[in-house]
Structures are given as C-alpha cells and as structure tokens.
Amino acid sequence: LLSDDWDNGVKFTQEENVSCVCLNTYYGYELQDTDCLSLLPNVTEVLIHGSWMDKSGLHSMKALRKLNVGMLGDDWNSDVDLSNFPNLHFFSGCYCQELVIPPELSQMEKMRLWKYPNKDMMLFPIAPKLASLELIQAKLKSLEGMERLKSSLRYLSIGNCRSLMDLSMIKELELSALELTSIPNIEQLQDILPKCSSLLGVSLNCGSKALPSIGFLNKMPKLKCFAGILKDIADGDLTPTVRLDNVFIPFIKKHYNLQKLSNNNTSWSGWLEKEGMYHWWPPAQ
C-alpha cells in the first residue's frame, strides 16, 4: 500500500479480502502513522518498510498472525508492543527500547530478532510453540537459558554474534537444523556437535574461519546434510562427508583429498525445502 494512492489501495484490499499488506515509506513515499490499518480488520499479515512512521495503529489488529518490520536503512526501529497480538505466530524485527516483548509468547512459532541486548537467554520469553529462532547481531556471550525452548525449538540460526564464545547449550536442545554464520569460536563445534544427537542438517557459514577437521561428522549418525563455507579444513580430509545425502562445500582446496563431491550439492535453503523443513526458514527481507 503506497501513500500516493492510499484510498484506492484500501478499497482494493477490502473488496478482495486481502490478508497481507506491505506499508512502504521508502523511495519517496510518505506515511506518518499506521492508523489506517483499522480499516482492514481482515488483514492477518503486515510487512513494514519504513521506521519513522508511528506504528501504534498496529495495536488494534488483534487477529494479526505475522508481523515483519523490515530493514531497508539505518533508521530501522521495531517500536511495537507484541502483547497486543494474542494470535501472533511470526515476528521479525529489531530489538529497541520501544519494542515490548511480553514474558510469554503463547502462539509464537517463528521469530527473527536483530540486536538482542542480553548476555544470555535467561530473560527470553517463554514460548512453548517456538519452532524456529534466528538471532542476528545479538550481544549474547552464552546461550544459557535456551534450554527452556527444548520441547519446541527445531531450527536455530545464529549470525554475526561477535561476543558469543560459548555455544555449549546447543547440545541440550533437540534441533533438527542448525545454521551458524560468522561466529567467533568455531573450533568448539568439534566437541559440541557430536553431542547434538537429533541434528539432521548443519550449516557453517564462516568464510574467514578454518576448522582443523570435520571428523566430528562421523560421530553424528543421523546427519544428512553438511553445508560448509569455510576458509579451510586444515587436515584436508573430506571423507566424513561421503555417507551424507547432501554436502555443500563451494570452496574445494588443492590439499583436500576429494576434489569432487559425489553427494547432492544443494544449497542449505534448497536442502531444507527438499526435507520439508523450509517452513522453518526465516523469509527473506
């Protein structure tokens, strides 16, 4: 819905019973508030591109199931109160002082959160249905407290959390898929991942980091997929990947003992889709 033709956009949305709308204030469009959403009671999904608008108008949408406060600039702000949405299943946004997250998210199934400010997960809300969690640029030092999500969490993605040195709590979860991007201490995974007995797929997108070995894959009998974007695998031994259904290693170095992988080389997101887990994958901005 664009502000230069707002009335016609609302009329069309009402007549066609549209369930998802995007409010866009970039590229020259102006929209000062979201009060107009009160005219759209049937909308269950809202995507906002533009952070300077007053978002309090959202709070009248009690039937809202998906809310994505998108990032298209440095002024991004998720100034909403999630306690106003009892049926919210998916939230994507940036943590800020104005963002209100209630102590319990009873219906939340999928969440993407930038800049989570706490050093651990002890104050993260109770979320008994949360199956997918993505944490980006968080100030976490450990994942202590995440074990409270054990009964529901199946997909975990952690990216660019530069202070996160302790990943040991991962082994207490029952994850099916784990994605780690630009983490500072990759070596600890050799000891932690073999203790994650439920994992079917692992993605390590750490192009500036080297692993001494991927021999730990031999200790993960349920594993089907390994995606590794790494600076190097020091011992050059890729034979632990041979038994896997899907292996995605785009950079094969000269000292590796396998110069061509016989497995399927589907991308990480492609493998998730093939395995029927793509509904856990956080949607693109």
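Around CD of Glu187, the count of heavy atoms belonging to other residues, nucleotides or ligands within 6.0 Å exceeds 12. At most 12 heavy atoms of other shown residues, nucleotides or ligands fall within 6.0 angstrom of atom CZ in Arg162. Within 6.0 Å of atom NZ in Lys219, 12 or fewer heavy atoms from other residues, nucleotides or ligands are found, so the atom counts as exposed in its surroundings. Residue-environment remark: CZ (Arg148) exceeds the threshold of 12 foreign heavy atoms within 6.0 Å. At most 12 heavy atoms of other shown residues, nucleotides or ligands fall within 6.0 angstrom of atom NZ in Lys11. Counting heavy-atom neighbours within 6.0 Å of Lys139 NZ, excluding the residue itself, gives a total of 12 or less.
Remark: of the listed residues Leu211, Ile192, Val202, Leu211 is the sole one forming a side chain to side chain contact (heavy atoms under 4.5 Å, CB included) with Phe216.
Nearest approach of Pro184 to Cys161, heavy atoms of both residues: CD-O, 3.5 Å. For the residue pair Asn265 and Phe248, the shortest heavy atom distance occurs at O-CD1, 3.4 Å. Among all heavy-atom pairs drawn from Val100 and Pro102, the shortest one is O-CD, 3.8 Å. Taking both residues in full, the closest heavy atoms of Met220 and Arg243 are given as O-NH2, 2.6 Å, listed atom of the first, atom of the second, then distance. Considering all non-hydrogen atoms of both residues, Gly215 and Pro240 come closest at CA-CG, 3.9 Å. Shortest non-hydrogen contact noted between Phe90 and Ser92 is CZ-CB, 3.6 Å.
Put simply, the side chain of Ser198 gets close to the backbone of Leu175: a donor and an acceptor are under 3.5 Å apart. Between the side chain of Asp245 and the backbone N or O of Lys224 there is no donor-acceptor pair closer than 3.5 Å. In this structure, Glu172 contributes its side chain and Ile170 its backbone to no donor-acceptor pair below 3.5 Å. Judged by distance alone, with hydrogens and angles left aside, the side-chain atoms of Asn87 form a donor-acceptor pair with the main-chain N or O of Lys62 at under 3.5 Å. Not one N or O on the side chain of Glu147 forms a donor-acceptor pair closer than 3.5 Å with the backbone of Glu144. Between the side chain of Asn263 and the backbone N or O of Thr241 there is at least one donor-acceptor pair closer than 3.5 Å. Asn246 contributes a side-chain N or O that, together with a main-chain N or O of Thr266, makes up a donor-acceptor pair within less than 3.5 Å.
The CG atom of Leu204 sits 6.5 Å away from the CG atom of Leu193 when rounded to the nearest 0.5 Å. For the atom pair CG of Leu189 and CG of Leu178, the computed distance is 8.0 Å after rounding to the nearest 0.5 Å. To the nearest 0.5 Å, the span separating OG1 on Thr181 from CD1 on Ile229 amounts to 8.0 Å. For the atom pair CG (Asp232) and NZ (Lys209), the distance works out to 14.0 Å, reported to the nearest 0.5 Å. Taking CG of Asn160 as the start and CD of Gln137 as the end, the distance is 6.0 Å to the nearest 0.5 Å. How far CG of Leu167 is from CD1 of Ile183: 5.0 Å, rounded to the nearest 0.5 Å.
In this structure, the side chains of Leu173 and Leu156 come closer than 4.5 Å at one or more pairs of heavy atoms. A heavy-atom distance below 4.5 Å is found between the side chains of Met108 and Leu88. For the pair His59/Val80, a side-chain contact is recorded, criterion being any heavy-atom separation below 4.5 Å from C-beta on. The side-chain heavy atoms of Leu261 and Leu238, taken from C-beta on, include a pair separated by under 4.5 Å. Between Lys253 and Ile233 the shortest side-chain heavy-atom distance does not fall below 4.5 Å. Put simply, the side chain of Cys94 does not reach to within 4.5 Å of the side chain of Val69, judged on heavy atoms. Here the side chains of Asp120 and Met169 are not in contact, with every heavy-atom distance at 4.5 Å or above. Under the 4.5 Å side-chain criterion, counting only non-hydrogen atoms from C-beta, Ile158 is in contact with Leu143.
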(request) Just do the side chain to side chain contact (heavy atoms under 4.5 Å, CB included) check on Trp271 and Leu200 with the steps written out, would you? (result) CA-CA 11 Å; Trp271 177 78; Leu200 302 177; 4.0 Å; yes
(request) Evaluate the side chain to side chain contact (heavy atoms under 4.5 Å, CB included) criterion for residues Leu199 and Lys222: first the C-alpha distance (whole Å), next the side-chain angles of each, then the deciding distance (0.1 Å), finally the verdict. (result) CA-CA 7 Å; Leu199 274 176; Lys222 291 186 178 181; over 6 Å; no
(request) Run the numbers on Asn68 and Arg112 for side chain to side chain contact (heavy atoms under 4.5 Å, CB included), then give the verdict. (result) CA-CA 9 Å; Asn68 189 336; Arg112 179 205 281 117; 4.3 Å; yes
(request) With side chain to side chain contact (heavy atoms under 4.5 Å, CB included) as the test, would you mind laying out the steps for Lys141 and Asp166 before giving the verdict? (result) CA-CA 6 Å; Lys141 292 187 175 181; Asp166 182 5; over 6 Å; no
(request) Begin with the C-alpha distance, continue with both residues' side-chain angles, and end with the deciding distance and a verdict on side chain to side chain donor-acceptor pair (under 3.5 Å) for Ser83 and Asp81. (result) CA-CA 5 Å; Ser83 64; Asp81 184 349; 2.5 Å; yes
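A side-chain donor-acceptor contact under 3.5 Å links Asp237 and Asn257. No donor-acceptor contact under 3.5 angstrom links the side chains of Glu134 and Tyr155, judged on distance only. Under the 3.5 Å distance criterion, with hydrogens and angles disregarded, no donor-acceptor pair is assigned to the side chains of Ser203 and Glu179.
Taking the six-membered ring for Trp and thresholds of 30 and 60 degrees, Tyr116 and Phe124 have ring planes more than 60 degrees apart, a perpendicular arrangement.
Taking hydrophobic clusters as Ile, Leu, Val, Met, Phe, Trp and Tyr residues chained together by side-chain heavy-atom distances below 4.5 Å, Leu113 does not share a cluster with Met122. Connection of Leu133 to Ile126 is not established within any shared hydrophobic cluster, with ILVMFWY side chains joined at heavy-atom distances below 4.5 Å, either directly or through further cluster members.
The side-chain tip of Lys115 does not point at the ring of Tyr95 from less than 6.0 angstrom away and within 45° of straight on.
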